[in-house]
Structures are given as structure tokens and as C-alpha cells.
Amino acid sequence: MSFRTTAYDKEGKPVILDANFVTSQFPMGGSMMSVPSMTTGPQQMYAVMPLAATANVQNVFPSSGGQNIYGGSPPQQDDKAWRVVNVGGGSQQNAQNVYGGSPPQQEGTKAISGTRDINLEVQKGTQQHETTGMIMPVKLAHTVGLVVAVAIAVLVGAVLADGRSVARLKHASELPRLTDYSLKESGLDYRADELLGTSYGVGLHHDSSGNRWNQVYAGATLKKYVQELGLHQVIAAVPSVIATDGLKHPAYFLSCTSLVNTGLSALSFAVIAEFLAIVMMFFHLATLIDLNPLTKNGTYTTMGRAISVLVWLVLSVGFLVVCSLGISAFYSTYNCDNPFIPTITIAEHFDWTWGYPIANIGCFSAMAAFVAQLFLTSTNPSFVPSKRQIRSAVLALLVGVVLGIVASVSVAAGVGQFDEPPPVDPNVNPCQGQKPYHAGPGDKYFANVECMKDGVVAVLEQAGANVSPGYKGGMDAGEWRVPITEWYNQTDLCAVNVHWHLGAEHLSTGQYDESGKGPSGDGYNERLGHRCHFYDEADPKFTTPYDWKYCKDMHVGETYEVHWPHSAAGACGTEWQYQTPFYDGVFCNDGVVNILTPLNTYKNIGVQSQVYTIVNDESYYHDNLMKGMIVDENFGVDMTMYTGSTTGTSRDNEVCSRFAPITWQVDRSCHMISASSFDKMCEMMKQQKDDMSDDLHAHGSRVTVADHLTANNQVGNR
């Protein structure tokens, strides 16, 4: 029956005791003496035992609680107390099973006063045991190191393998223009998603196209192409370059040298982290299964501990540097040596993906492993971490976390992340030039096209259509293209323009149609559409001229169809809400309106339409035609909703609009309104931030849309 405990010599150095409970002969002070191997008191054990080493023994402390092995009291000594050993052990037996109660009689024992050197040699045949196993705190330290090393190796490897692990383009609705505004008139006007694709992303090693930081499909930089071919030739070639992914990797293609160097630096740190994590994974695994030549039962050699602590320190600092680099790269403004995109701030165009959180987790995990190696391991074979050391380890980890956060915040502050955004120039129209011409780079999708190709309808539904009660168009609008039936002010749409057409573009039988009446129309420069039936040349309210102060080329007694384009992509609620041309207002904010994937134009764009005959009579006055069509007990009562397109005289039944489908809400009835109401509206238009002077006069009316070009999805309220 054996036990193990720790003794301390008079200099305080630990000595491992590993012994059997036997009666032995020991040479002591030059003579042989026979002593019982063990006598105990109720709580303490007193013993002389075989030792595995020679020791200058002062006292022996219990290493574990355990049961008493013998009952009774310590042996009585001649003059002074026996000072050799005072031990505790973990016996599986109790006193009665061994000696039956009292300790054996002490004969030949000798009292020793004070501390003296004792040379104890094991009697021949006595079994000896070396220390085996690893104490729990040390095992925990190596287990933490192993788990963290495996996690870092796996996750860093995944980050390196994923071409979108660091950043991905924002949604188009959040993206500003990327190209230089000064080149817009030359045809260079792109967002990042238009140049790179909506799903483009950047990884630590390569981008989503597979190109590394110093590679590009185009074969040369943009600067070189402009030098060789000229600015305008390269602008014209942009669509074909986009189609062949020639812009990727953009950091290298755009000659953003500092950004490229930052990316390569972060990549280098990641490769080093991957290598060291794999090394430490095998290091700690070998330690736990006692195959590490630099450890024994979890106890380090001096070199082993130095290597472990140093590697984890390097990993901790390395991850912290990568986190700081990431923040700096994301929020800094980089200069790029090319005329198309001279500067870029990554945060304006990209969102973080999962790679950056992994870097933060790696940093704090490496800190935990470093602290565990520093405070919970030792080169001392009998090392047992004290409560104070454990508290110090926890405190050190907390300090490391705080320092990491402080470093990250400091870097972010240094690159201006917390600065107030620069003031927006109130004179810059955010909607100017937002009318789209292309669905894809250079495809001129929105240009007018022939309505028919080889006898087959080649476009989507058109407007203005027949809105008479009971009418259905001849074009199948399918299941998706359903008009908005709520009033626009109950949706996300807002009015972005108001304009009107000479006569009515829509047709409502008996209200405004071919049989309508009006002034002679002599001198009109625009095409006249349908008219209402109110006009009476004998009634002065239809013939008395009005002194127009704001509207241009308007005529009392004439019929006008007023349109209020609405959009969910408008600058709603701002001073730039109303725009001319209305296309700028409809498409002011990018990414809201999609012509495909998914098609949502009929959900996000709508037009209100109301037809009036102008009279010179103040009893028909309405004070705010600017905000939208009139809806009361007489106006907006008899409505038709359907999907169609934009209108105007550039379209007819041969040439059609590609701005489709959009919702139309049309009042079927004709109404009289005072000339002063119109002039008040024109006054309000002139007060808008954007110049709306091109809409202060009537535009021409297109011909009524043919049945085969009219959707069959009309919804009426009666």
C-alpha cells in the first residue's frame, strides 16, 4: 500500500516522498535501528518511510486529506517530540483493518532534537514509485491551448479559403456613386455593384473572382490603359470590361497601392497565424499524452515553457495587429492612381462579413491561451498554482481584453470613424442625373424600342390606356403584375413631380374622349389629346382670359391631364423631393427600384392622374394641387388602377416605353378647376429646390394605347 506526499527541507525546497507502509531497517546517524513504519494520531500521521531521494527533512505537509490509517496517538518520546515527518495521505483502509486499534509498541526509537541531516535508504526489495499524472490546472492550461490552436487553425484556414470572408458589397440602395462625378457627362457614372456585380466580395487571400491582391483579369492597371488608349476610349470600353470581370481585383486594377499593401500585410499575419496554430496544436496534444520531449507530466523544461509562452504572445499580438489593420483599412480613405476612381473609402461601399469577427475571437482566445501558459504552467515538477496565481491569470486576461478594445477604438478614432460626417452641401442635388439609361453597363435598356418584333409584342404593358368602366386590355399581365390599390400616401411612395399634358392621354368614354370640346387650339405646339365635355363658349368662365403669372402657355377652357409621379425611391420628406425631369425623382435613391431580380417597379413607382377643364371662376379654386390629386366627395371617387408605362409623345403604338410596368391610378371623371389653382401650383413649383421650369407648361399627349399593348389587370372601385 503506497502513498505520495510532498516534503519541504529546511531551505523550503520541495521533495517528493513516495513510500510503502512497511517495517524497515534504516541506517541513522551511523547505527541501525528498528522502527515501526507508521504510527498515527486521530488527525495526523507520523511515519518514518523509505524515500526516493536523500533529503534534509524539516517537515512534511499533507498533500491531500484522506483517512487516518492507524488509530491511537503518536509514540511517546524520551525527551523531545519526533521531528522527522508529519504526513497526510489518501488510504483506502482504516486503522482497525490494519492493526486493530492501537499503534505498536515503540522500541529502539530515538528522539531527535532540532533538525538534522538524515540519510534514509530504502531496504532492498522495497518498491519505489515515480510521480505520474498531471494536476488539473496544468491539464486545463494545455487543454485550453489545444482547443484554441485547433479553432484558430480551422477558422483562419476558412477565412483564407473564402473570397468573401472579409467584406461584401452593400445593397444597391445603400451604395453611392463610385466613379468620379466630373466624368459623368462623359458617360462614366457607376456604382460599385454595377462595376463589380451585386454579389462581389473580398477575402483575405483573394476576392470572389479568385484574384489575389496583386492580380487582375484585365492584365494591366487602369492607369496603364488610359495612358495607352486615352480616357474616352477606356470609358466607352467599360461595359465590355465589366462583362469579362476585367476590373477584378479592383484594388490592384485601380492602383490603390496603400490598400493593396494593407491587404498583403493582413494576409501575411494570417499565414503566420495558421502555421503557428498548427504547431501549437501538435505541441499541446503531445503534452497531454506525455509525448512532448519538452515536457514531463505537464511540467515544462525551461525551453519548452519559453517556446509556449512566446508563441501564444506572438499570436495574441498578431491578431491584435490584424484587427487594427482591418479597422484602419475599412474606414480610411485611400488614394488610387487613376482618373476614374481617384479615392475610395471601403466602408462606404462594403459591409464586414464573418472574417473580422473571427479575428477578434482569435485575438482574445490567443490571449486566454497565453495567460494560461504564463500562470498555470511551470518548470517545477511539484508546481501547484495558488489561488493568488489563478486570480492573477483572470486579471491578466481582463487587462488584455481591455487593452485590445482600447487599441481598436484608438485606431478607429485615428481614421475618423467617430468624426461627425462632413456637412452636406445644401446646393448639391442628390437626385440630379439619376434617370437611368441602362439596366446593365452600356446596354441602353431604357431607350424607346419597337413595340412589335416579327408580329409579337416585344414590350411590357403601356399607358395611357382606356380607363372606361368595364374595359379590359388585351395583354396578359400574368400573376405578379398587380397594381397598387391603396392610396399612395398610405404606402412608402411620395410625390416626386407634377406635370400635365395638353388634353387627356387616357380615354374615359363620356368624360374625356374624342367627342370632347374646347377652344380652337390655334397656335398649339404640342399634340392635343382627348377633351372633356364641359366647354361652352357662351359661358364666360370658359372663355374669359386669365392673367397667368407662373404657368406658361395655358388656356382657359382647355382640358389638361395632370400627372403626379410617385416613388419609393424618391427623396421623400426632403427639400429635394420634387424633381424635373420626374425620372430623377423617381430613381433618386439607388437600389430601391428593380427591373428584375426581383421585379418591383409596379410596387415602388406609381402615377396619379386627374383630368381637368380650366375655368376662370374662383368657386372652383383648390389651394394645393402640388401635393397630389384631389380626393374628396367629388374628386377621386370613380377610379381605375392598372399597370402601364411612362407616357409622352415620344411613344405611340409603334414605339414603346421600357419604363414599365408601373402602377397607374386614374380618375375616370373630368373635373372643372380654376385657373388660379393651376397658377398657384406653378408658383409652388418655382419655389422648389430643384429647377422645375421645364414643367411649367403643358406637354403633348400620346395617342391612346392599343388594346394589345394594354394590360388586362384593371381594378376599378365600382
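One-based numbering along the sequence shown. Keep in mind that this is a model prediction, so the values were computed, not measured.
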Cation-aromatic face contact Arg168/Phe350, 6.0 Å, 45 degrees: no

Qualifying residues under disulfide bond (SG atoms under 2.5 Å apart), relative to Cys256, sequence neighbours excluded: Cys336

Ring geometry between His563 and Trp664 (parallel below 30°, tilted from 30 to 60°, perpendicular above 60°): perpendicular

Close aromatic pair by centroid cut-off 6.0 Å: His566 and Trp487: no

Distance (rounded to the nearest 0.5 Å) between Asp337 CG and Lys223 NZ: 3.5 Å

Basic-acidic side-chain contact under 4.0 Å: Lys686, Glu683: no

Mutual orientation of the aromatic rings belonging to Phe446 and Phe659 [parallel < 30°, tilted 30-60°, perpendicular > 60°]: parallel

SB check Glu348 Arg177 (cutoff 4.0 Å): no

Derivation of the side chain to side chain donor-acceptor pair (under 3.5 Å) call for Gln577 and Asp690: CA-CA 9 Å; Gln577 178 172 325; Asp690 189 32; over 6 Å; no

Geometric class of the Trp352/Tyr356 ring pair [parallel <30°, tilted 30-60°, perpendicular >60°]: parallel

Charged N-O contact under 4.0 Å between Asp207 and Lys248: no

Salt bridge flag under 4.0 Å for residues Asp679 and Lys549: no

Pair Asp193 + Arg191: basic N to acidic O under 4.0 Å: yes

Between CD1 on residue Ile358 and CG on residue Leu204, distance to nearest 0.5 Å: 12.0 Å

Check: Ser657/Thr646 side-chain N/O donor and acceptor closer than 3.5 Å: yes

CZ (Phe582) with more than 12 external heavy atoms under 6.0 Å: yes

SG proximity flag Cys363/Cys323, limit 2.5 angstrom: no

